[in-house]
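Hydrogens, waters and symmetry mates are skipped; everything else that's a heavy atom, side chains included, is used. Per chain, numbering begins at 1; letters A, B, ... match sequence-line order.
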Protein chains: 2
Amino acid sequence: MPRLLNHTVSVEPTAEAAACTAVACRNCGLYQLGRLPGREEADPTLLQRIACSRRQLRKGEYLYRLDEPVRAVYAIRYGSLKSYVLSGDGRLQITGFHIVGEPLGLNDLATGRHTSEAQILEPTSLCEVPLDHLEKLSVEVPSIRSQMLIILSREVQHYQELMLMLGKKNAEERLATFLLGLSSRFEQHGFSPLRFNLSMSRGDIGTYLGIAEETTCRLFSRLQEEGLIRAHRRSVEIRDLDRLRQLALR
Amino acid sequence: MPRLLNHTVSVEPTAEAAACTAVACRNCGLYQLGRLPGREEADPTLLQRIACSRRQLRKGEYLYRLDEPVRAVYAIRYGSLKSYVLSGDGRLQITGFHIVGEPLGLNDLATGRHTSEAQILEPTSLCEVPLDHLEKLSVEVPSIRSQMLIILSREVQHYQELMLMLGKKNAEERLATFLLGLSSRFEQHGFSPLRFNLSMSRGDIGTYLGIAEETTCRLFSRLQEEGLIRAHRRSVEIRDLDRLRQLALR
DNA sequence: CACCTTAGTTGATCTGGATCAGGATTTTGT
DNA sequence: ACAAAATCCTGATCCAGATCAACTAAGGTG
């Protein structure tokens with residue numbers, strides 16, 4: 001089967017200019033930083049001023065590592081990455097997968113140093129806004145800070161859901177929740193919610209859901225046997241959204 | 001044994017004026033909202049302006065409930081509470097215990113509605129700053145928003161640690177981590193880090209750590225047998241900090 | 001004070017998912 | 001094109017912690 005990640009296919013890098021213009025940023029996770037109070041649309045002039053440089057990264061590279069100073073916030077233009085925290089003896093817990101269109105890097109503002117790491121899962125392009133630039137700009141345009149608060153608060157909500165999973169759901173419910181979550185995020189960004197390709201391994205999914213890789217594999221098989229999904233390696237098709245929801249939203 | 005919660009004993013409500021003055025707020029979780037850029041001490045005038053009303057709540061009462069509009073942010077003057085999220089079928093995951101001096105309520109800014117609930121664990125007094133007041137004030141004093149970002153970002157770090165626990169640590173490591181965390185938080189607020197009283201039940205601790213109440217009990221007994229702690233009901237004494245750390249920080 | 005309710009504790013048993021082991025398929029590098 | 005390395009999958013066994021079931025101790029109440 002040819003590798004046809006839907007977000008890799010649908011987002012053509014060539015269609016965009018060299019600078020991160022307002023248009024290019026519309027689906028970008030930092031777009032909302034350009035929103036002024038009370039308005040739905042971002043202010044084009046403001047977006048232009050936020051601007052940002054681009055960065056291209058390959059699979060396996062790190063966007064940032066533990067204890068590094070926080071230098072910038074990012075938005076994903078295409079591609080994806082995982083972020084995770086580490087225990088004293090090196091066990092790791094993936095805290096999130098980040099896909100096209102999503103913002104990244106606001107977590108560690110308090111300390112000024114990264115308490116987590118972010119690693120690239122597939123060829124990925126990012127918008128990068130240096131923190132000092134954002135700092136200067138937000139003195140002048142205070143709404144930027146409000147928007148940052150909102151982004152961070154969304155992050156918190158994601159973490160709350162993950163804690164509920166890790167603390168209270170069984171393995172099958174976790175995988176169902178995971179797949180549904182991905183599905184609706186793809187949909188939000190204009191991709192099919194029922195057919196998509198995963199950029200992470202079974203092992204990564206397990207490390208995210210707090211279950212073993214083997215269990216993750218068995219669950220993919222089980223959900224398929226039960227007719228809820230069709231899955232082959234990285235490609236997933238949701239075949240019974242209702243039953244999957246029933247499982248997940250318990 | 002008489003009920004001598006150290007934070008109930010040490011913080012005398014009578015010692016403070018009727019309004020939440022700058023002095024009264026020094027140990028208060030909202031104190032840092034009064035910090036101006038680059039300064040360690042909060043600006044007294046600013047603190048006065050943030051001001052806040054008080055609120056007294058009894059055990060079992062809710063500070064806020066699911067789906068309620070977010071009306072204010074809070075700081076705990078004395079007492080404690082738990083906050084938790086709920087699954088579709090009513091299972092609950094406690095996401096944090098909040099003790100004297102800590103801020104509360106910044107989580108749900110994005111949606112404007114609470115996605116979690118907060119319930120009082122013992123007689124508790126709070127500082128309350130209405131959101132619209134904070135909003136107005138922060139137009140004029142932008143540093144307030146920066147401080148809010150920092151508070152929220154700390155919250156995120158707490159969640160990251162909790163996820164690591166829930167996803168990767170065994171039950172004994174979880175309890176050790178929990179006790180050490182409480183210990184250092186008490187210390188931060190000027191109480192003994194080695195002897196303190198819990199305001200939450202074994203069941204609550206289990207619901208926080210993602211383990212059963214019975215397991216929590218057994219672990220208290222085990223840590224006591226092994227000489228790491230002494231515990232009787234709600235009172236806890238840490239007897240071997242090093243070994244407890246060894247367990248927790250793995 | 002006697003009664004009742006709630007919280008804490010301990011034991012016995014069961015089980016979901018971890019771990020260990022091996023094989024199949026796909027991707028990557030040369 | 002081929003070898004090597006990931007990645008994925010399945011089976012067998014094991015065990016940490018859940019669940020079920022009493023029992024005890026502490027507070028609270030009339």
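- Distance check: I99(B) CD1 to L104(B) CG gives 12.5 Å after rounding to the nearest 0.5 Å.
- Residue T215(A) places at least one side-chain N or O closer than 4.0 Å to OP1 or OP2 of dA18(C).
- Across the protein-nucleic acid pair, L166(A) atom CG and dG17(C) atom P stand 13 Å apart, rounded to whole Å.
- Among the heavy atoms of the strands lying under 4.0 Å from G210(A) are primed sugar atoms or P, OP1, OP2 only; no base atom is included.
- Taking side-chain N and O atoms only, R234(B) has a distance below 4.0 Å to OP1 or OP2 of dG8(C).
- There is no side-chain donor-acceptor pair under 3.5 Å between D204(B) and Y84(B).
- At dC9(D), none of the side-chain N or O atoms of H232(A) fall inside 4.0 Å of OP1 or OP2 (strictly under the cut-off).
- As rounded to whole Å, 15 Å separates atom C1' of dT9(C) from atom CG of L223(B).
- Rounded to an integer number of Å, the gap from R233(A) CZ to dC9(D) P is 6 Å.
- In this structure, the CD1 atom of I205(A) is 13 Å from the P atom of dT7(D), given to the nearest Å.
- With dA18(D), dT9(C), dA7(C) as the choices, the nucleotide that has an atom nearest any side-chain atom of S201(B) turns out to be dA7(C).
- Put simply, NZ on K59(A) is 10 Å from P on dT27(C), counting in whole angstrom units.
- Minimum atom distance to the side chain of E214(A) is reached by dC20(C), of the listed dA7(C), dC8(D), dC20(C).
- Nucleotide dA18(D) holds its C1' atom 9 Å from the CZ atom of R218(B), rounded to whole Å.
- Listed by chain and number, the residues in a side-chain contact (heavy atoms from CB on, under 4.5 Å) with D242(A) are D240(A), R245(A) (sequence neighbours excluded).
- L219(A) places its CG atom 12 Å from the P atom of dT10(D), with the value rounded to the nearest Å.
- Side-chain polar atoms of Q160(B) and T95(A) form no donor-acceptor pair below 3.5 angstrom.
- Of the candidate nucleotides dC9(D), dT10(C), dA18(C), dT10(C) has the atom lying nearest to any side-chain atom of C217(B).
- Distance CG (N170(A)) to P (dG17(D)): 17 Å, rounded to an integer number of Å.
- Geometric assessment of R55(A) against the ring of Y74(A) yields a negative cation-pi assignment under the 6.0 Å and 45° thresholds.
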